[in-house]
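To start, the structure itself, in C-alpha cells.
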Amino acid sequence: MEKLRTVVNFCIRYQKTLGYSVVSLLTIASEQIFSSVAFRCPCNSWNTLYGCVFLLVPALLLFLLGYMVNARTWLLLTGSCPQEKKHCCGFGEKGCFYLKVLAPVTASTLVAPLTWIAVALLSASFYECAASGSSLIRHRVCRDIDELKACRELLEKVPCDEKAVGQLLNENSTSTVGLVSFRAQSQILGWLLIVTIITVALISTCISHCFSPVSYLQLKFWKIYLEKEQEHFETKAKEHAAQLAKRNINCFFEATNPPPFQTPSKDNWQKISLPYTFSKNNQYYSMIHKYANASRGNISTVSEGDHVCSALGFVDEAHTSEQAF
C-alpha cells in the first residue's frame with residue numbers, strides 16, 4: 001500500500017511531464033501506424049503535394065485538437081462574450097491579457113504536432129516523397145542532364161523504385177549529392193528539430209523560473225494548497241449539488257414550494273472562473289482565495305498591479321485538470 005501511495009504521489013507531482021510524455025508516445029505510435037498503413041507515395045507529379053500533406057496536415061490537426069482539449073482555453077473564453085455586450089469579448093481592451101494567457105497554452109499544444117513532424121522527418125518517408133517532386137530539387141539534380149523530362153520522371157520514382165537512383169547516377173554522377181541524400185537530409189532535419197525543441201523548452205523553463213515572483217518553497221506550498229483546495233471544492237460541490245437536487249425533487253413529488261436555499265450566483269461563479277493574475281500587494285493562491293478575501297468577491301479580470309505570470313500557470317491548471325470542452 002505504501003508503494004502504491006508513493007507511485008500515486010509521484011504521478012501527481014509530475015503529472016504535467018508525464019502527460020507530455022504520454023502525448024508524445026501516442027503521437028509517435030500514430031505516426032508509425034499512419035505511415036505504414038495509409039501512406040503510399042504516388043511517384044508522379046503529385047509527390048510534393050502528397051508528401052507535404054502527410055507531413056504537415058496531421059501536425060496542424062493535432063495543434064487545433066490541442067487547443068480544443070485544453071481546458072484553460074475554455075476557462076478563458078467561456079462567458080467572455082455575453083449577449084448584453086455590444087462588442088464581443090472586448091478584445092481591444094483584453095487582447096494583451098488574452099495573448100499572455102494563451103501563450104503557455106500554445107506552448108503545450110505544440111508538443112504533439114512538433115513530435116509528429118520530428119518523427120516523420122526521422123522516418124524520412126514523407127520528406128523523401130515531397131522532395132522527389134520539388135522543383136528546387138529537380139533543378140539541382142537535373143541541371144546537367146539533357147533530357148529534363150526523363151530525369152524528372154526518374155526522380156519522381158525514387159521513393160518507389162530503388163533502381164531509379166542507379167539510372168540517374170548513370171546519367172550524371174553529380175546527381176549523387178542531390179538525390180541519394182533525401183533520407184539523410186530528412187533525418188538531419190528531424191534531429192535538428194528535436195534539439196531545437198528541447199533547447200527552447202529548457203531556456204523557456206529557466207527564464208520562467210528566474211522571473212518567478214515567489215521562491216521555490218513557496219511554489220511548493222502553493223501547489224500543495226491547490227491540491228487541498230481542489231479536494232475540498234469537489235467534496236463541497238458534490239454535497240451542495242446533492243442537497244439542491246434533493247430539495248427540488250422533494251418539491252416536485254410533494255407539490256410544495258421550495259424552501260430558501262443559498263447557492264452561488266452566476267456572477268460569483270464567473271468571478272472564481274477567471275484566469276488567475278498575480279499581484280505583489282495581495283498574494284492570493286487562487287481565484288477562490290481572492291474571492292473570499294477581496295471585498296466579498298469584488299474582483300475583476302485584471303486589477304491594477306496584476307499581471308499574468310507564466311511560472312504560475314499551474315494555478316489555473318489545478319482546477320482544469322479534467323480537460324473537456
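Numbering starts at 1 and runs along the sequence shown. Nothing here was measured: the structure is a model prediction, and the numbers come from that model. When reading the values below, keep in mind they use all heavy atoms of this one structure, side chains included, and skip hydrogens, waters and symmetry mates.
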Quiz prompt | Listed once per pair and sorted, the ring-ring contact (aromatic ring centres under 6.0 Å, His included) pairs that draw on residues 248-267, sequence neighbours left out | solution = His240-Phe261
Practice problem: Kindly determine whether Asn268 and Tyr291 satisfy side chain to side chain donor-acceptor pair (under 3.5 Å), including the steps that lead there. | Solution: CA-CA 8 Å; Asn268 290 340; Tyr291 171 86; 3.3 Å; yes
Self-check item: disulfide bond (SG atoms under 2.5 Å apart) partners for Cys41, two or more places apart
Solution: Cys129
Exercise. For Gln187 and Leu122, indicate whether the former's side chain and the latter's backbone hold a donor-acceptor pair under 3.5 Å.
Key: yes
Quiz prompt | Euclidean distance, Glu254 CD relative to Ile249 CD1, rounded to 0.5 Å | solution = 11.0 Å
Practice problem: Decide side-chain contact (heavy atoms from CB on, under 4.5 Å) for Leu312 and Trp222; before the verdict, give the C-alpha distance in whole Å, the side-chain angles of both, and the deciding distance to 0.1 Å. | Solution: CA-CA 9 Å; Leu312 302 178; Trp222 202 322; 3.9 Å; yes
Exercise. For Thr48 and Ser134, indicate whether the former's side chain and the latter's backbone hold a donor-acceptor pair under 3.5 Å.
Key: yes
Practice problem: Please report the closest heavy-atom contact between Leu62 and Ala112, naming both atoms and the distance. | Solution: CD1-O, 3.9 Å
Quiz item: So, for Glu229 and Ser286, which heavy atoms are closest and what is the spacing to 0.1 Å?
Solution: OE2-OG, 2.6 Å
Quiz item: Is the backbone N or O of Leu102 less than 3.5 Å from a side-chain atom of Thr106, with the two atoms forming a donor-acceptor pair by type?
Solution: yes
Quiz item: Hey, mind stepping through Gln218 and Gln283 against side chain to side chain donor-acceptor pair (under 3.5 Å) and telling me if it holds?
Solution: CA-CA 11 Å; Gln218 187 174 358; Gln283 295 186 19; 3.2 Å; yes
Quiz item: Using the ring of each side chain (for Trp, its six-membered ring), is Trp269 parallel, tilted or perpendicular to Phe233, with breaks at 30° and 60°?
Solution: perpendicular
Self-check item: Derivation and outcome, side-chain contact (heavy atoms from CB on, under 4.5 Å), residues Phe211 and Ile207
Solution: CA-CA 6 Å; Phe211 285 94; Ile207 293 175; 3.7 Å; yes
Quiz item: Does Asn47 use its side chain to pair, donor to acceptor, with the backbone of Ala130 at less than 3.5 Å?
Solution: no
Self-check item: Residue of the set Val195, Leu202, Ile197 for which side-chain contact (heavy atoms from CB on, under 4.5 Å) holds with Thr199
Solution: Val195
Quiz item: For Leu274 and Met287, which heavy atoms make the closest approach, and how far apart are they?
Solution: O-CG, 3.2 Å
Practice problem: Assess whether side chain to side chain donor-acceptor pair (under 3.5 Å) is satisfied between Gln230 and Glu234, documenting all intermediate values. | Solution: CA-CA 6 Å; Gln230 179 65 7; Glu234 290 182 357; 2.9 Å; yes
Quiz item: Got a donor-acceptor contact below 3.5 angstrom from the Thr109 side chain to the Val105 backbone?
Solution: yes
Self-check item: For the student: nearest non-hydrogen atoms of Trp46 and Asn44, plus distance
Solution: N-OD1, 2.8 Å
Quiz item: Rounded to the nearest 0.5 Å, what separation is found between the NZ atom of Lys236 and the CD atom of Glu239?
Solution: 5.5 Å
Quiz item: Is Ile194 reachable from Leu189 through a run of I, L, V, M, F, W or Y residues, each pair having side-chain heavy atoms under 4.5 Å apart?
Solution: no
Exercise. Please work out which of the three classes, parallel, tilted or perpendicular, describes the rings of Tyr285 and Tyr225, given edges at 30° and 60°.
Key: tilted
Exercise. Go through the steps to decide whether Leu114 and Val111 satisfy the test side-chain contact (heavy atoms from CB on, under 4.5 Å), and finish with yes or no.
Key: CA-CA 6 Å; Leu114 290 178; Val111 172; over 6 Å; no
Self-check item: Distance, nearest 0.5 Å, that separates CD1 of Ile288 from CD1 of Ile272
Solution: 4.5 Å
Practice problem: Output yes when a side-chain donor or acceptor of Asn250 lies under 3.5 Å from a complementary backbone atom of Lys246, and no otherwise. | Solution: yes
Practice problem: For the pair Thr27 and Glu31, evaluate side-chain contact (heavy atoms from CB on, under 4.5 Å) and give the outcome as yes or no after the intermediate values. | Solution: CA-CA 6 Å; Thr27 304; Glu31 193 280 334; 5.5 Å; no
Quiz item: Phe54: what forms a ring-ring contact (aromatic ring centres under 6.0 Å, His included) with it, not counting sequence neighbours?
Solution: Phe34, Phe39, Tyr50, Phe126
Quiz item: When you measure from the side chain of Tyr127 to the backbone N and O of Cys52, does any donor-acceptor pair fall under 3.5 Å?
Solution: no
Self-check item: Side-chain (Arg247) to main-chain (Pro258) donor-acceptor, under 3.5 angstrom
Solution: no
Self-check item: Nearest heavy-atom neighbours spanning His289 and Asn293
Solution: O-ND2, 2.7 Å
Quiz item: Hey, is the main chain of Ala245 close enough, under 3.5 Å, to the side chain of Asn248 for a donor-acceptor pair?
Solution: no
